[in-house]
Amino acid sequence: MKATIAILPGDGIGPEVVGKATELLSVIAGKYGHDFVFVEGMIGGIAIDETGDPLPPETVRICEAADAILLGAVGGPKWSDPTATVQPERGLLGLRQHFRLFANLRPVKTYPALVEHAPLRAELLQDVDILFVRELVSGIYFGQRQEQGDGDSSYDTMSYRRDEVEQVANVAFRAAQGRRKKLCSVDKANVLASMRLWRRTVVEVQEEYDDVELEHLLVDAATMHLLTRPGSFDVIVAGNMFGDILSDEASVLAGSLGMLPSASLRADQFGLYEPVHGSAPDIAGQGIANPIGMFLSAAMLLRYSLRLENEAAAIESAIDAALAAGLRTADIAGVGQTPVSTDEFATAVMSKI
Ligand code: NAD
């Protein structure tokens, strides 16, 4: 197949891991007979430096002409002055809003070889394989707010419409159908009216997916269940803020931020794919970043935007094989293990495709 992929390296370790992911996608294209065209654009701090805008119109144009977007990370100390008028993160929020990327998918998986890096006991981490589906363009982060009150009070509003809940619930149910057919919906229906609408709507949507088992959890209970029985979850769907907090909580189960991918999708096949980690300024330029989160994001791009399931699975198996062969970047190297560079790890993965 022919596909155009917008490549937005961004800042810090972004360009280091995106560069390797582009090489990996070229290896996949060669092996499976596809024609991938990569078109690079600027975003984040580098775009502010070059154009004054964290999301220049030219980058939006490149993304609009593409089948999917692969992004590294944005931000860093150079642009972190909170009083600055433009922040690198605006570039990312701008992309999500411009393309109405309403469903954020974040898989969290534990690797047997890496459980020693996680803060929970190894037996609790057996078979952890969770897919978070977070609503991304509504809820309290986008509700009415009083930005500058009189200094003594302020407010934010959590509001959801039925259609917003329906569309993200549909993504979650469909994902569960392709997995272990279990969905846990997280809300705060005992206190919040918007969350009662959330729960009612999820129950209604379930009528179309009677093969999927549905569980509801209040968000406070969910924070505990994620630590006491993480292996029992399949797909978890939540609103914007609860999904943000819970998926960050669960990310520690994987042992390193560098391991985690994400996808932000709209109703058609278009999506933005990026690792969960940031620009890691503390290790940028050293060639030691873990490329796994970025590689798994590229695999998600193949799976969700290009519908190339075998190719996606090939990347995932190649990563498993590299880990099984004992290769570890510094963030996941155990005592007595000599860490390999980003380059060495990436080369090993590519050689196993
Ligand atoms: P971070 O994710 O960049 O780093 C947190 C810690 O994890 C650091 O010690 C870092 O070295 C380590 N780490 C992260 N990714 C790694 C990888 N691939 N391999 C090995 N180690 C890795 O988070 P932070 O330090 O809070 O933020 C740094 C900058 O990134 C900030 O400017 C922040 O705003 C930005 N940020 C951007 C995104 C994004 O682009 N989506 C997300 C989070 C943070």
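Atoms within each ligand, like the ligands themselves, are counted from 1 in listed order. Because the structure is predicted, anything quoted here is derived from the model rather than measured.
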Can you tell me how far CZ of Phe99 sits from SG of Cys63, rounded to the nearest 0.5 angstrom? 5.0 Å
Counting only heavy atoms not in Lys181 (residues, nucleotides, ligands), do more than 12 fall under 6.0 Å from its NZ? yes
Per-pair distances, ligand 1 N/O vs protein N/O, less than 3.5 Å:
| from | atom 1 | to | atom 2 | distance (Å) |
| --- | --- | --- | --- | --- |
| ligand 1 | 2 (O) | Gly278 | N | 2.7 |
| ligand 1 | 3 (O) | Gly278 | N | 3.4 |
| ligand 1 | 3 (O) | Ser279 | N | 3.3 |
| ligand 1 | 3 (O) | Ala280 | N | 2.7 |
| ligand 1 | 9 (O) | Asp282 | OD2 | 2.8 |
| ligand 1 | 11 (O) | Asp282 | OD1 | 2.8 |
| ligand 1 | 11 (O) | Asp282 | OD2 | 3.0 |
| ligand 1 | 18 (N) | His277 | NE2 | 3.4 |
| ligand 1 | 18 (N) | Asn290 | O | 3.0 |
| ligand 1 | 19 (N) | Asn290 | N | 2.8 |
| ligand 1 | 30 (O) | Ser279 | N | 3.1 |
| ligand 1 | 30 (O) | Ser279 | OG | 3.2 |
| ligand 1 | 32 (O) | Gly76 | N | 2.9 |
| ligand 1 | 34 (O) | Glu89 | OE2 | 2.6 |
| ligand 1 | 40 (O) | Val74 | N | 2.9 |
| ligand 1 | 41 (N) | Glu274 | OE1 | 3.4 |

In terms of side-chain geometry, is the basic nitrogen of Glu316 or Lys352 positioned less than 4.0 Å from the acidic oxygen of its partner? no
Is any side-chain N of the basic residue among Asp156 and Arg145 closer than 4.0 Å to the acidic one's carboxylate O? yes
If you link I, L, V, M, F, W and Y whenever their side-chain heavy atoms are under 4.5 Å apart, who else ends up in the same group as Ile62? Val37, Val39
Pair Asn104-Ser264, side-chain donor/acceptor within less than 3.5 Å: yes
